[in-house]
Undergrad: 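Encoded as structure tokens, here's the structure I'll be asking about.
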Amino acid sequence: MADALPQLQMRRKLGSERFRHNDKDLDLTLLDFWRWYASDLVDNTKRGILAEFIVANALGCLNEVCNLGDAYDLELTTGEKIEIKSAAYVQSWYQKKHSPIGFNIRPTRGWKASTGQMEDETKRQADIYIFCLLNHKDKESIDPLNLDQWEFYILSASVLNQACPTQGRIGLTSLERLNPLKASYAEIRPCVEKVAQSLKKTVG
């Protein structure tokens with residue numbers, strides 16, 4: 001269409017960019033906004049984005065900027081699509097007890113940011129799921145930047161499709177019964193490569 005507006009191509013910002021008003025720079029920077037918005041890394045929404053960043057860095061596929069609109073989170077250079085989910089026992093808000101651990105695995109209709117179109121088929125959009133657990137229970141010392149506090153469970157979507165084809169959520173105990181590869185931060189990449197290789201053998 002002649003009047004269609006294409007997807008914006010975002011570039012990574014530095015944080016020093018200034019807000020402007022009446023054509024004048026203000027004493028207010030993008031870094032000020034980031035500090036205000038994103039300092040609470042225990043918040044479940046920001047924790048999910050942080051988990052994606054951590055995994056992307058471990059896999060060496062950190063894009064210029066995060067794209068939250070895609071049907072899946074990451075794509076390996078070998079073509080496998082990755083979906084990342086996170087959970088934690090400790091939340092920012094007041095808790096009577098630790099949160100139960102569960103991950104969203106709901107099949108969805110894919111949406112493409114490049115076209116603005118929804119796909120017709122409802123399915124799990126990725127080939128590999130990485131479940132990121134901030135496995136720390138002490139509220140005073142929780143630190144999402146300490147990667148030793150995280151555990152990662154890696155599983156092919158085909159296993160989920162076979163065991164729970166329409167299920168929308170899975171608890172930690174049920175996930176462990178599916179025998180995912182359990183990894184520390186340093187082990188994410190070799191474990192993902194192992195699952196990716198098994199997918200190729202299955203297709204072959």
Side-chain angles (χ1 to χ4, degrees), residues 7-75 82-106 108 111 113 125-126 129-154 169-172 175 182-189 191-192:
Q7 180 184 7
L8 289 174
Q9 300 301 313
M10 296 297 180
R11 302 290 296 175
R12 187 175 299 197
K13 291 180 169 55
L14 301 175
S16 57
E17 295 84 353
R18 292 186 177 274
F19 287 82
R20 295 176 59 82
H21 180 61
N22 291 332
D23 294 325
K24 293 181 179 179
D25 287 345
L26 302 182
D27 188 22
L28 186 66
T29 68
L30 183 58
L31 181 58
D32 293 323
F33 166 68
W34 287 346
R35 286 170 171 165
W36 173 82
Y37 170 73
S39 288
D40 181 6
L41 298 177
V42 181
D43 170 76
N44 58 347
T45 300
K46 299 179 189 71
R47 185 194 67 235
I49 298 172
L50 177 64
E52 182 177 336
F53 174 82
I54 291 169
V55 171
N57 190 65
L59 295 177
C61 53
L62 206 57
N63 292 331
E64 183 73 11
V65 295
C66 174
N67 188 348
L68 297 177
D70 285 342
Y72 50 87
D73 294 319
L74 303 172
E75 185 170 354
I82 308 291
E83 183 71 18
I84 299 165
K85 301 297 182 183
S86 80
Y89 293 102
V90 170
Q91 310 298 332
S92 298
W93 54 82
Y94 169 81
Q95 297 171 267
K96 290 185 178 180
K97 59 182 180 179
H98 289 126
S99 296
I101 300 302
F103 300 95
N104 179 11
I105 56 169
R106 189 178 309 280
T108 63
W111 182 78
Q125 305 296 323
Y129 274 67
I130 302 179
F131 300 97
C132 309
L133 174 59
L134 185 53
N135 189 21
H136 193 79
K137 296 184 178 181
D138 178 45
K139 206 147 192 175
E140 294 299 319
S141 59
I142 191 164
D143 178 11
L145 298 180
N146 181 356
L147 299 182
D148 294 332
Q149 294 186 5
W150 290 84
E151 293 177 350
F152 304 89
Y153 298 82
I154 299 152
R169 194 166 178 81
I170 190 168
L172 181 58
L175 174 62
K182 185 177 178 181
S184 66
Y185 171 72
E187 296 166 334
I188 292 174
R189 188 165 191 162
C191 286
V192 169

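Here the structure is a predicted model, which means the values were calculated and not measured. Residue indices begin at 1 and follow the sequence shown.
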Undergrad: Counting C-beta onward and ignoring hydrogens, is there a side-chain heavy-atom pair between Ser39 and Leu41 closer than 4.5 Å?
TA: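 No, too far: nothing below the 4.5 Å cut-off.
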
Undergrad: Is the shortest side-chain heavy-atom distance between Phe152 and Leu133 below 4.5 Å?
TA: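 Heavy-atom side-chain distance check fails, nothing below 4.5 Å.
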
Undergrad: Does a side-chain heavy-atom distance below 4.5 Å link Phe19 with Thr29?
TA: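 Phe19 vs Thr29: side chains apart.
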
Undergrad: Would a distance-only check, ignoring hydrogens and angles, find a side-chain to backbone donor-acceptor pair under 3.5 Å from Arg18 to Leu26?
TA: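 At least one qualifying donor-acceptor pair exists.
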
Undergrad: Got a donor-acceptor contact below 3.5 angstrom from the Asn22 side chain to the Lys24 backbone?
TA: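 Absent.
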
Undergrad: So Val90 and His136, do their side chains get closer than 4.5 Å, heavy atoms only?
TA: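 No; the side chains remain at least 4.5 Å from each other.
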
Undergrad: Report yes or no: do Tyr153 and Glu151 form a side-chain donor-acceptor pair below 3.5 Å?
TA: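 Note: Tyr153 and Glu151 side chains meet the donor-acceptor criterion.
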
Undergrad: In terms of the angle between their ring planes, are Phe33 and Tyr37 parallel, tilted or perpendicular, with boundaries placed at 30° and 60°?
TA: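 The arrangement is parallel - the two ring planes meet at less than 30°.
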
Undergrad: Taking the side chain as every heavy atom from C-beta outward, state whether Phe131 and Ile154 have any atom pair closer than 4.5 Å.
TA: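 Not touching, per the 4.5 Å side-chain cut-off.
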
Undergrad: Quick one: does Glu17's side chain have a donor or acceptor within less than 3.5 Å of a partner on Gly15's backbone?
TA: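 It does hold such a pair.
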
Undergrad: Would you confirm whether Glu75, through its side chain, and Tyr72, through its main-chain N or O, come within 3.5 Å as a donor-acceptor pair?
TA: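 No.
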
Undergrad: Do Arg47 and Pro144 have side-chain heavy atoms sitting under 4.5 Å apart?
TA: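 Contact flag for Arg47/Pro144 side chains = no.
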
Undergrad: With a 4.5 Å heavy-atom cut-off, do Ile130 and Lys85 have their side chains touching?
TA: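 Sidechains of Lys85 and Ile130: no contact.
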
Undergrad: So, does Asp73 use its side chain to make a donor-acceptor pair with the main chain of Ile84 at under 3.5 Å?
TA: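 Judged by distance alone, yes, a pair lies under 3.5 Å.
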
Undergrad: Working to the nearest 0.5 Å, report the span between CH2 of Trp34 and CG of Leu31.
TA: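 Spacing of CH2 (Trp34) from CG (Leu31) equals 7.0 Å.
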
Undergrad: Would you check if there is a donor-acceptor pair between the side chains of Gln95 and Lys139 at a distance under 3.5 Å?
TA: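 There is such a pair (donor and acceptor under 3.5 Å, judged by atom type) between the side chains of Lys139 and Gln95.
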
Undergrad: Should we say atom CG of Asp27 is surrounded by more than 12 heavy atoms from elsewhere, each under 6.0 Å from it?
TA: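 Open.
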
Undergrad: Using a 3.5 Å distance criterion without hydrogens, assess whether the side chain of Glu52 forms a donor-acceptor pair with backbone atoms of Leu74.
TA: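 Pair absent, no side-chain N/O of Glu52 close to backbone of Leu74.
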
Undergrad: Keeping Gln125 on the side-chain end and Ala71 on the backbone end, is there a donor-acceptor pair under 3.5 Å?
TA: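 No, the answer is negative, given that no donor and acceptor are paired below the 3.5 Å cut-off.
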
Undergrad: Ignoring hydrogens and geometry, is there a side-chain-to-backbone donor-acceptor pair from Glu187 to Ser184 under 3.5 Å?
TA: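 Judged by distance alone, yes, a pair lies under 3.5 Å.
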
Undergrad: Under 3.5 Å, is there a donor-acceptor pair between the Asn57 and Tyr185 side chains?
TA: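 Their side chains do contain a donor-acceptor pair, which is all the 3.5 Å distance test asks for.
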
Undergrad: I want to check something: taking the side chain as every heavy atom from C-beta on, are Asp43 and Ser92 in contact at a cut-off of under 4.5 Å?
TA: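 Yes, at least one pair of side-chain atoms sits under 4.5 Å.
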
